[in-house]
Amino acid sequence: MEFLIKKAQKGDEEAFIQALTSYMPMLYKVARTRLASEEDIGDAIQETILLAFKSLQSLKNPGSFKAWLIKILINKCNDIIKQNSRVMCIGSYEEADKLTEAVNHDYLEGDMDFKRILMGLSIDYRTVIVLYYVNGFNTREISEILNEKEGTIKSRLSRARAQLKSSCIGLLEVE
């Protein structure tokens with residue numbers, strides 16, 4: 001991967017596209033933890049790609065491309081969240097239920113109950129869980145991506161695990 005990034009930094013657009021293609025599923029999953037609508041997710045990913053391409057020369061360590069890319073994506077997601085918070089939603093409870101259902105549907109491959117439980121976590125907890133377990137980042141890398149102290153990330157991860165465990169136990173008791 002480092003070889004592709006170095007080639008891309010020298011102006012090889014094909015190498016950039018090839019490197020980026022392997023990270024597209026990861027970008028989608030991370031954006032999905034922060035944003036509800038497919039349009040917003042697409043916008044965040046598109047803006048991330050454009051900024052990454054424009055800023056590729058500023059990347060000092062090609063080995064950290066993945067973390068750098070995720071950091072850009074999270075910043076773009078945060079921009080969209082801020083932008084959306086300024087927009088007043090007018091709609092019915094039925095529309096809100098449809099949106100919630102759309103968010104829960106097709107979030108991760110696997111059990112619907114787990115998807116629902118995961119979506120019940122706060123955005124900070126959900127992001128840390130997905131970065132750690134789905135994308136394989138360690139707590140130090142996550143702290144760099146999110147601009148948080150590593151201790152904060154460890155605490156969030158621990159609390160998120162506790163909430164997931166509690167939710168899963170509750171789910172088992174219901175069945």
Side-chain angles (χ1 to χ4, degrees), residues 1 5 8 16-17 19-56 58-59 61 64-91 95-110 114-161 163-164:
M1 186 58 68
I5 302 306
F16 179 76
I17 292 169
L20 201 58
T21 301
S22 66
Y23 291 125
M24 288 306 287
M26 176 192 63
L27 291 174
Y28 178 81
K29 288 176 182 176
V30 171
R32 190 72 169 151
T33 66
R34 305 201 56 91
L35 303 170
S37 79
E38 291 295 324
E39 293 82 16
D40 287 344
I41 292 167
D43 289 346
I45 292 172
Q46 183 177 17
E47 290 176 26
T48 297
I49 292 168
L50 289 172
L51 184 58
F53 184 73
K54 289 178 186 175
S55 307
L56 192 59
S58 69
L59 179 63
N61 178 9
S64 63
F65 178 75
K66 180 178 172 183
W68 179 75
L69 193 62
I70 292 294
K71 190 172 189 173
I72 293 172
L73 176 66
I74 288 174
N75 287 333
K76 290 299 173 189
C77 289
N78 290 341
D79 291 345
I80 290 171
I81 290 168
K82 286 177 194 170
Q83 184 179 16
N84 288 347
S85 69
R86 294 185 202 130
V87 177
M88 183 161 56
C89 289
I90 301 173
E95 290 170 343
D97 287 342
K98 287 179 185 175
L99 178 60
T100 302
E101 188 177 314
V103 168
N104 288 335
H105 178 70
D106 218 25
Y107 174 66
L108 290 172
E109 297 170 13
F114 180 73
K115 291 179 215 174
R116 190 186 59 198
I117 291 168
L118 191 60
M119 292 308 293
L121 293 176
S122 73
I123 192 168
D124 290 333
Y125 289 176
R126 196 168 53 234
T127 300
V128 172
I129 289 288
V130 170
L131 288 174
Y132 188 82
Y133 289 106
V134 177
N135 295 316
F137 288 108
N138 62 41
T139 55
R140 183 189 51 76
E141 292 169 326
I142 296 170
S143 73
E144 290 172 9
I145 290 168
L146 298 178
N147 286 329
E148 300 277 354
K149 293 180 181 178
E150 187 173 2
T152 302
I153 299 304
K154 288 178 180 179
S155 294
R156 282 186 192 160
L157 193 55
S158 176
R159 289 183 187 126
R161 286 179 187 136
Q163 282 186 10
L164 284 172

Practice problem: Provide the closest heavy-atom pair for L121 versus A160 in the form atom of the first, atom of the second, distance. | Solution: CD2-O, 4.3 Å
Quiz item: How long is the gap from OG1 on T139 to CG on L131, to the nearest 0.5 Å?
Solution: 11.5 Å
Exercise. State, to 0.1 Å, how close L69 and A52 come at their nearest heavy-atom pair, and which atoms those are.
Key: CD1-CB, 3.7 Å
Practice problem: Enter the distance from S37:OG to I80:CD1 here, rounded to the nearest 0.5 Å. | Solution: 8.0 Å
Quiz item: Hey, are the side chains of E141 and N138 touching, using non-hydrogen atoms and a 4.5 Å cut-off?
Solution: yes
Practice problem: For residues R34 and I74, report the shortest heavy-atom separation together with the two atoms involved. | Solution: NE-CG2, 4.0 Å
Quiz prompt | Reference residue I123; test side chain to side chain contact (heavy atoms under 4.5 Å, CB included); the match among V128, T33, L35, I81 | solution = I81
Quiz item: Rounded to the nearest 0.5 Å, how far apart are CD of Q163 and OG of S158?
Solution: 10.5 Å
Self-check item: Flag side-chain contact, heavy atom, 4.5 Å: K66 against M26
Solution: yes
Quiz item: Heavy-atom distance under 4.5 Å between the side chains of E144 and F137, does that happen here?
Solution: no
Practice problem: Taking the side chain as every heavy atom from C-beta outward, state whether L73 and I45 have any pair of such atoms under 4.5 Å apart. | Solution: yes
Quiz item: Taking NZ, NE, NH1 and NH2 as the nitrogens, is one of them in R156 or E148 under 4.0 Å from a carboxylate oxygen of the other?
Solution: yes
Practice problem: Work out which heavy atom in A8 is nearest to a heavy atom in L56; give both atom names and the distance. | Solution: CB-CD2, 3.4 Å
Quiz item: What orientation do F65 and Y23 show, parallel under 30°, tilted 30 to 60°, or perpendicular over 60°?
Solution: tilted
Self-check item: side chain to side chain contact (heavy atoms under 4.5 Å, CB included) between E38 and R32, intermediate numbers included
Solution: CA-CA 8 Å; E38 291 295 324; R32 190 72 169 151; 3.1 Å; yes
Quiz item: Could you state the interatomic distance from NZ (K71) to CG (N147), rounded to the nearest 0.5 Å?
Solution: 4.0 Å
Self-check item: Shortest non-hydrogen contact between L51 and K76, atoms and distance
Solution: CD2-CE, 3.8 Å
Self-check item: Min side-chain heavy-atom separation L20-I17 under 4.5 Å
Solution: no
Exercise. Apply side chain to side chain contact (heavy atoms under 4.5 Å, CB included) to the pair I129 and R126, showing each step before the final yes or no.
Key: CA-CA 5 Å; I129 289 288; R126 196 168 53 234; 5.8 Å; no
Quiz prompt | Flag, side chain of T48 to backbone of A44, donor-acceptor distance under 3.5 Å | solution = yes
Practice problem: Grab the two heavy atoms, one from A31 and one from I41, that are nearest each other, plus how far apart they are. | Solution: CB-CG2, 3.8 Å
Quiz prompt | Note, T152 side chain near S143 side chain (heavy atom, < 4.5 Å) | solution = no
Practice problem: Answer yes or no: is there a donor N or O on one side and an acceptor on the other, between the side chain of S55 and the main chain of S58, under 3.5 Å? | Solution: no
